[in-house]
Amino acid sequence: MSGEQLRKRLGIEFPIFAFSHCRDVVAAVSRAGGLGVLGAVAYSPEQLEEELSWIDAHVDGKPYGVDTVIPVKYVGKDAGDLSKEALQEHVPEGHKRFIEDLLARYEVPELPANVERTESLLGWSATGGRAHVEVALRHPIALIANALGPPPQDIIETAHDRGILVAALCGTPEHARRQKEAGVDIIISSGYEAGGHTGEIGSMVLIPQIVDAVAPLPVLAGGGIATGRQMAAAMVLGAQGVWCGSVWLTTNESDCVPALVDKLLAASSLDTVRSRCISGKPARQLKTPYTEAWDGSGSPGTLPMPLQWMATADAQQRITRHAQSGRPGSAALLGTPVGQLVGQLTQRRAVKQVVQDMVSECLEALERTSL
Ligand SMILES: Cc1cc2nc3c(=O)[nH]c(=O)nc-3n(C[C@H](O)[C@H](O)[C@H](O)COP(=O)(O)O)c2cc1C
């Protein structure tokens with residue numbers, strides 16, 4: 001499928017695909033002519049229903065998508081998924097003590113009793129992912145994307161029966177070939193520099209390999225794309241569009257707390273690290289004393305998915321809440337998944353401006369390109 005066919009099929013003006021957990025960003029990208037894709041993983045099915053209903057009401061009839069995470073490997077998969085209580089028993093006491101000691105060292109207070117707790121079992125499982133897909137199918141979505149493996153066969157078939165395209169992220173050409181064999185319509189290459197879960201091959205090397213491996217399927221280039229010049233490079237390497245995540249974190253519409261946006265705007269491209277400390281799988285994120293503690297010599301080691309998040313969800317909520325109220329220890333520990341392009345994020349912009357800047361710079365760069 002050519003880039004033009006893909007845009008026509010999805011009903012979008014520009015081949016800019018935006019991954020975000022924030023509904024305002026998703027709706028704003030789709031209204032600006034790209035395709036916003038809401039990350040479902042952090043939401044309960046009920047919350048996801050609310051977010052998607054909000055998007056339906058604010059997207060002006062433009063297309064949008066949903067992203068789920070149904071991993072190929074995680075604890076409990078072979079047993080048909082374990083309950084939250086059963087999984088909790090796999091979190092060792094030593095890990096709980098390590099987290100409490102770290103938070104005490106940085107003087108991060110407890111959460112007030114009346115604050116609702118963050119979900120400690122995210123949708124990182126077939127059960128969780130399926131519940132998200134079920135909710136998503138009640139809405140007029142144009143795309144389902146899945147991370148950490150191809151979605152299960154029946155989900156691909158159901159999506160196709162309803163005219164919904166299926167995309168999947170991958171970090172090697174071998175994974176891309178497997179996604180193609182599974183019936184995925186759009187392959188998203190996830191370069192080493194990307195924010196979030198990512199492999200070990202940089203975009204410059206990965207994009208053309210994936211393009212060749214899955215032709216004639218369309219490829220979206222993910223990882224390291226925040227500007228029109230980077231977009232042009234991805235298109236020249238053979239991609240039909242770009243899949244961007246980090247660039248939206250500092251937009252006006254982003255729901256990142258201001259203390260975090262300030263850290264992102266100040267960070268350089270050297271300030272990220274690929275660590276297992278969020279999910280148990282390697283994910284690129286802002287380097288902080290929190291990531292350094294988990295990756296340092298005193299660490300008990302991270303736990304496999306989904307136990308690492310179960311062990312740390314409460315700590316993450318405490319850090320975010322108290323960073324926001326100005327406590328320096330909490331602010332120091334505060335982080336987020338983000339890619340190396342964080343060094344290019346130096347000012348806040350509206351989502352629409354980001355899209356327009358990317359498109360005009362991409363066209364200029366392509367026009368200038370010659371031998
Ligand atoms: C804050 C953040 C959270 C992410 N969470 C997910 C996720 O839940 N599911 C997913 O498929 N990708 C997730 N990603 C990865 C993005 O989908 C995308 O592949 C990546 O951001 C592209 O690289 P870039 O960060 O250089 O733009 C996340 C990325 C960021 C920055």
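Remember, it's 1-based here, ligands and their atoms both numbered in the order they're listed.
- Counting heavy atoms under 4.0 Å from ligand 1, residue L169 touches it through the side chain alone.
- For atom 6 (C) of ligand 1, the closest heavy atom belonging to the protein is F19 CZ, 3.1 Å.
- Taking a 6.0 Å sphere around CD of Q153, one finds it holds more than 12 heavy atoms contributed by other residues, nucleotides or ligands.
- In this structure, atom 17 (O) of ligand 1 lies nearest to the protein heavy atom W243 NE1, 2.9 Å.
- Evaluated by nearest non-hydrogen atom to atom 25 (O) of ligand 1, the leading choice among A167, S246, A42, A194 is S246.
- Annotation for K84: atom NZ counts as buried by contact number, over 12 foreign heavy atoms lying within 6.0 Å.
- Remark: aromatic rings of F19 and W248 are distant, center separation not under 6.0 Å.
- At a cut-off of 3.5 Å, with distance as the only test, no side-chain donor of S190 or H197 sits close to an acceptor on the other residue.
- Each of the following atoms of ligand 1 lies closer than 4.0 Å to a heavy atom of L341: 26 (O), 27 (O).
- In terms of protein heavy atoms, atom 1 (C) of ligand 1 is closest to P337 O, 3.3 Å.
- A donor-acceptor pair shorter than 3.5 Å can be found between the side chains of T227 and Q230.
- Here atom 29 (C) of ligand 1 lies nearest to G195 when heavy atoms of A226, G222, G195 are compared.
- Taking the six-membered ring where the residue is Trp, H58 and W54 present parallel rings, their angle staying beneath 30° rather than reaching 60°.
- Looking only at heavy atoms of the protein, atom 26 (O) of ligand 1 is closest to G224 N, 2.8 Å.
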Next on the checklist: Using salt bridge (Lys or Arg N to Asp or Glu O under 4.0 Å), reason through E49 and R138 one step at a time and then give a plain yes or no.
Outcome noted: CA-CA 9 Å; E49 174 61 39; R138 296 202 286 266; 3.4 Å; yes
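- Of the heavy atoms in S190, none comes closer than 4.0 Å to ligand 1.
- With hydrogens and angles left out, the side-chain atoms of H132 and D67 include no donor and acceptor closer than 3.5 Å.
- Contacts between N146 and ligand 1, counted as non-hydrogen atom pairs separated by less than 4.0 Å, are absent for every part of the residue.
- For R284, the heavy-atom gap to ligand 1 stays at 4.0 angstrom or more.
- Using a distance-only test at 3.5 Å, with no hydrogens or angles considered, no donor-acceptor pair links the side chain of E193 to the main chain of Q340.
- Of all protein heavy atoms, the one closest to atom 21 (O) of ligand 1 is G245 CA, 3.2 Å.
- In this structure, C244 has a heavy atom closer than 4.0 Å to ligand 1.
- No hydrogens or angles considered: nothing links the side chains of T288 and E292 as a donor-acceptor pair under 3.5 Å.
- The closest non-hydrogen atom to atom 11 (O) of ligand 1, taken over L220, V37, V342, D67, comes from D67.
- With no hydrogens or angles considered, a side-chain donor-acceptor pair links R284 and T272 at under 3.5 Å.
- At least one donor-acceptor pair under 3.5 Å links the side chain of N146 to the backbone N or O of G149.
- Note: no N/O pair closer than 3.5 Å links V41 and ligand 1 by distance alone.
- Annotation for ligand 1: atoms under 4.0 Å from non-hydrogen atoms of A147 are 10 (C), 11 (O).
- The closest approach between G223 and ligand 1 falls below 4.0 Å for a heavy atom of the residue.
- V247 does not count as a contact of ligand 1, since none of its heavy atoms falls under 4.0 Å from the ligand.
- Considering only non-hydrogen atoms, atom 8 (O) of ligand 1 lies nearest to H21 out of Q340, H21, E193, Q230.
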